[in-house]
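One structure is given below, encoded as structure tokens.
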Number of protein chains: 2
Amino acid sequence: MSRKEQIDQVATSLFRSRGFAATTMRDLALELGIEAGSLYSHIKSKEDILQRVCFKMADAFVAAFEQVQNKAVPASEKLQLAVAAHVRVLTQNPEAAGVFLNEWKHLSEPTLSKFSQMRHRYEEGFREIVREGIANGEFRVTDEKFVVLTLLSSLNWLHTWYKPEGKMNPDQIADYLSNLLLNGLLNTELHAQNA
Amino acid sequence: MSRKEQIDQVATSLFRSRGFAATTMRDLALELGIEAGSLYSHIKSKEDILQRVCFKMADAFVAAFEQVQNKAVPASEKLQLAVAAHVRVLTQNPEAAGVFLNEWKHLSEPTLSKFSQMRHRYEEGFREIVREGIANGEFRVTDEKFVVLTLLSSLNWLHTWYKPEGKMNPDQIADYLSNLLLNGLLNTELHAQNA
DNA sequence: CCTACCGATCGGTAGG
DNA sequence: CCTACCGATCGGTAGG
């Protein structure tokens, strides 16, 4: 791992736990065992790091979604696959996911607009699947915006409690979660594995 | 409204949109049309404001939950009432809710521990309801922790998109959301009102 | 990668 | 509520 990658990784962890604004370059340097000034031979600025972390995650979410998007399967199954893909990206990088979800607001223009656009397109992909499912009668709700917001909300809180050493692996979480959301608490038969 | 309450309100809005750490006392003073130093005749410190906002919301959530907790109704109905109560608190103070949910980490000890404890007890209340529903066969899931985390997750993202001027009022959102979560996307018959 | 340092800005205070 | 200011700390740079 290059020094730059090390810096990004340690910064991701600090940005997530303390927040971007409350993390100082001296905190970061201390954690790496070097002086604050030395960071700047590897990175351009503090925000430079944040940009890389945010777009690395944005790219990962988009790439995972694109593998699902055009499959010739019912909307409910496609939605399940998209949820699983989303959960997998989240659980494989819980710290970067936390930064992606909570610290993007500290990006400055024009990067901020580019980021917001990517995010909006991603959510639109989910809405398309739900619209498809409404159109062909699989889903009986009417408001795809509301559904997608609720869906992504429950997924996007995952990073706050997911522990890699926990009893469920990412695929089990993805299964359980998509079943819970599609079938509802009253009808879900699935059980937490190894509980 | 007292000057202190005005300060808290404007600070809540700034803390939510920029984050606690990235909001300066000079930003806050500017918004109020006074000098930064003048703030300190009304408040003790920057964190003093954060504490009031966080505990005001914590108290509101706990109070709303307690009105539901001991009702003699089935667990699924009690859960629905608790969800509705939670949504009502969230939507009535979306900015303070955002601060409560995202900025509490900037509290310092011993306030931080006290806050975390309150929050844990609140979530435990939800888990109790779900356990009750599992025990009497209403819910067929096995892991109340997972269910409650998923439930609160989808509720706690509400503040990021809820607009008081939107087409659904808080009670309609509460209804729709609790139905969606209990019955699932595949079985929910409810429609967004005025859509 | 370090030393030494910069201009700016931070939360907060004294005195009126 | 303002003026005037404090010590500390911030992100970042020059020169080696």
Side-chain angles (χ1 to χ4, degrees), chain A residues 1-56 96 99 102-112 115, chain B residues 1-56 96 99 102-112 115:
Chain A
M1 193 164 50
S2 72
R3 202 52 158 159
K4 186 173 174 181
E5 287 168 328
Q6 273 182 51
I7 292 173
D8 283 0
Q9 194 186 64
V10 174
T12 298
S13 170
L14 290 174
F15 289 172
R16 190 213 157 161
S17 57
R18 307 184 189 181
F20 175 77
T23 301
T24 73
M25 299 309 274
R26 282 158 181 85
D27 294 336
L28 178 53
L30 186 68
E31 203 91 1
L32 288 157
I34 60 177
E35 295 301 317
S38 307
L39 291 165
Y40 292 88
S41 28
H42 302 99
I43 59 153
K44 276 186 291 201
S45 68
K46 190 184 175 187
E47 195 187 321
D48 178 48
I49 306 175
L50 182 64
Q51 286 186 15
R52 271 194 303 280
V53 177
C54 286
F55 282 94
K56 187 188 76 176
V99 173
N102 294 319
E103 306 301 327
W104 59 267
K105 61 170 170 269
H106 295 109
L107 294 169
S108 61
E109 295 294 356
T111 316
L112 180 60
F115 178 85
Chain B
M1 193 165 48
S2 73
R3 202 50 160 158
K4 187 174 174 179
E5 287 169 328
Q6 273 182 52
I7 292 172
D8 284 359
Q9 193 185 65
V10 173
T12 298
S13 170
L14 289 173
F15 289 172
R16 191 213 158 162
S17 57
R18 306 182 189 182
F20 175 77
T23 301
T24 74
M25 298 308 275
R26 283 159 180 85
D27 293 337
L28 178 53
L30 186 67
E31 204 89 1
L32 287 156
I34 59 177
E35 295 301 317
S38 307
L39 290 165
Y40 291 88
S41 30
H42 302 98
I43 59 153
K44 275 187 293 203
S45 66
K46 189 184 176 188
E47 194 187 322
D48 178 49
I49 306 175
L50 182 64
Q51 286 186 17
R52 270 194 303 281
V53 177
C54 286
F55 283 93
K56 187 188 76 177
V99 174
N102 295 318
E103 306 301 327
W104 60 268
K105 61 170 172 271
H106 295 108
L107 293 169
S108 60
E109 294 293 356
T111 316
L112 179 60
F115 179 84

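The sequence lines fix the lettering, A, B, ..., with proteins before strands; numbering per chain opens at 1.
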If you look at every strand shown and take non-hydrogen atoms under 4.0 Å, does B/T24 touch a base, only sugar-phosphate, or nothing?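 Sugar-phosphate, backbone atoms only, no base.
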Applying the Watson-Crick and G-U criteria (both distances under 3.5 angstrom) with [ ] for crossing and | for other-strand pairs, one obtains for DNA chain C ||||||||||||||||
Partners meeting salt bridge (Lys or Arg N to Asp or Glu O under 4.0 Å) with B/R3 (sequence neighbours left out):
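So B/R3 forms no salt bridge (Lys or Arg N to Asp or Glu O under 4.0 Å) with any residue.
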In terms of heavy-atom contacts, B/G19 and B/E103 come closest through CA-OE2, 3.6 Å
Worksheet item: Using a distance-only test with no angle check, is there a side-chain donor-acceptor pair under 3.5 angstrom linking A/Q51 and A/E47?
Response: yes
Q. Is a side-chain donor-acceptor pair under 3.5 Å present for A/T24 with A/D27?
A.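 Note: A/D27 and A/T24 side chains meet the donor-acceptor criterion.
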Under a 4.5 Å cut-off applied to non-hydrogen side-chain atoms, are A/M25 and A/I43 in contact?
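A/M25 reaches A/I43 side chain to side chain.
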Under 30°, 30 to 60°, or over 60°: which ring-plane class applies to A/F15 and A/F20, parallel, tilted or perpendicular?
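A/F15 and A/F20: perpendicular rings.
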task: Map B/K44 and A/S41 onto DNA chain C by nearest heavy atom, then report which one ends up closer to the 5' terminus.
output: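 It is A/S41, whose closest nucleotide lies nearer the 5' terminus.
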Checklist line | Electrostatic pair A/R52:A/D48 at N-O distance under 4.0 angstrom | finding: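 Salt bridge: yes.
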When A/L39, A/L28, A/T12, A/V99 are each screened for side chain to side chain contact (heavy atoms under 4.5 Å, CB included) with A/I49, the one that passes is A/L28
What is the 5' to 3' range of DNA chain D, first to last nucleotide, that sits under 4.0 Å from any heavy atom of chain A?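 Using the under 4.0 Å cut-off, the span is D/dC10 to D/dT13.
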